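Taking it in order: structure first as structure tokens, then the write-up.
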Amino acid sequence: MSKNELNPDIRCNVDSCAFHCSDADCCSLKSIHVDACPGCSSGDPKDESMCGSYRHKS
């Protein structure tokens, strides 16, 4: 899947990501990897995981 093709199965609103399709709030990757946040174990979902496929827009 190219950068310009959105993947409606991966919803995303992270505008700073190189793979973000802002017109539809989707990711352009075929799949993503979800990583644990380093040093976090609060039990709060926002502290526990992050998108490991994230790349900052150049």
Side-chain angles (χ1 to χ4, degrees):
M1 192 169 275
S2 76
K3 185 176 187 284
N4 295 329
E5 296 178 55
L6 64 89
N7 182 346
D9 292 328
I10 303 175
R11 307 295 300 169
C12 177
N13 63 4
V14 181
D15 290 326
S16 64
C17 183
F19 305 114
H20 178 68
C21 297
S22 59
D23 55 332
D25 276 345
C26 292
C27 183
S28 63
L29 295 174
K30 185 175 181 178
S31 65
I32 62 167
H33 188 267
V34 178
D35 289 332
C37 291
C40 293
S41 59
S42 70
D44 188 343
K46 68 178 175 55
D47 293 336
E48 294 296 324
S49 62
M50 63 184 188
C51 181
S53 301
Y54 172 88
R55 297 294 175 268
H56 191 269
K57 287 181 184 175
S58 302

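When a residue number appears, it is its place in the shown sequence, counting from 1. From a predicted model like this one, the values you see are computed outputs, not experimental measurements.
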By side-chain contact (heavy atoms from CB on, under 4.5 Å) - contacts of A24 (at least two apart):
L6, C26
Quick one: side-chain contact (heavy atoms from CB on, under 4.5 Å) partners of S22, sequence neighbours excluded?
D15, H20
Could you work out, with side chain to side chain donor-acceptor pair (under 3.5 Å) as the rule, every residue matching H33, not counting sequence neighbours?
D35
Test side chain to side chain donor-acceptor pair (under 3.5 Å) applied to S16 - qualifying residues, sequence neighbours left out:
Y54
When rounded to the nearest 0.5 angstrom, what distance separates SG in C17 from CD1 in I32?
9.5 Å
Mind checking whether L29 and V34 sit in one hydrophobic cluster, side chains of I, L, V, M, F, W, Y counted as touching below 4.5 Å?
yes
Can you name the nearest heavy-atom pair linking C21 to C27, along with the distance?
SG-C, 4.2 Å
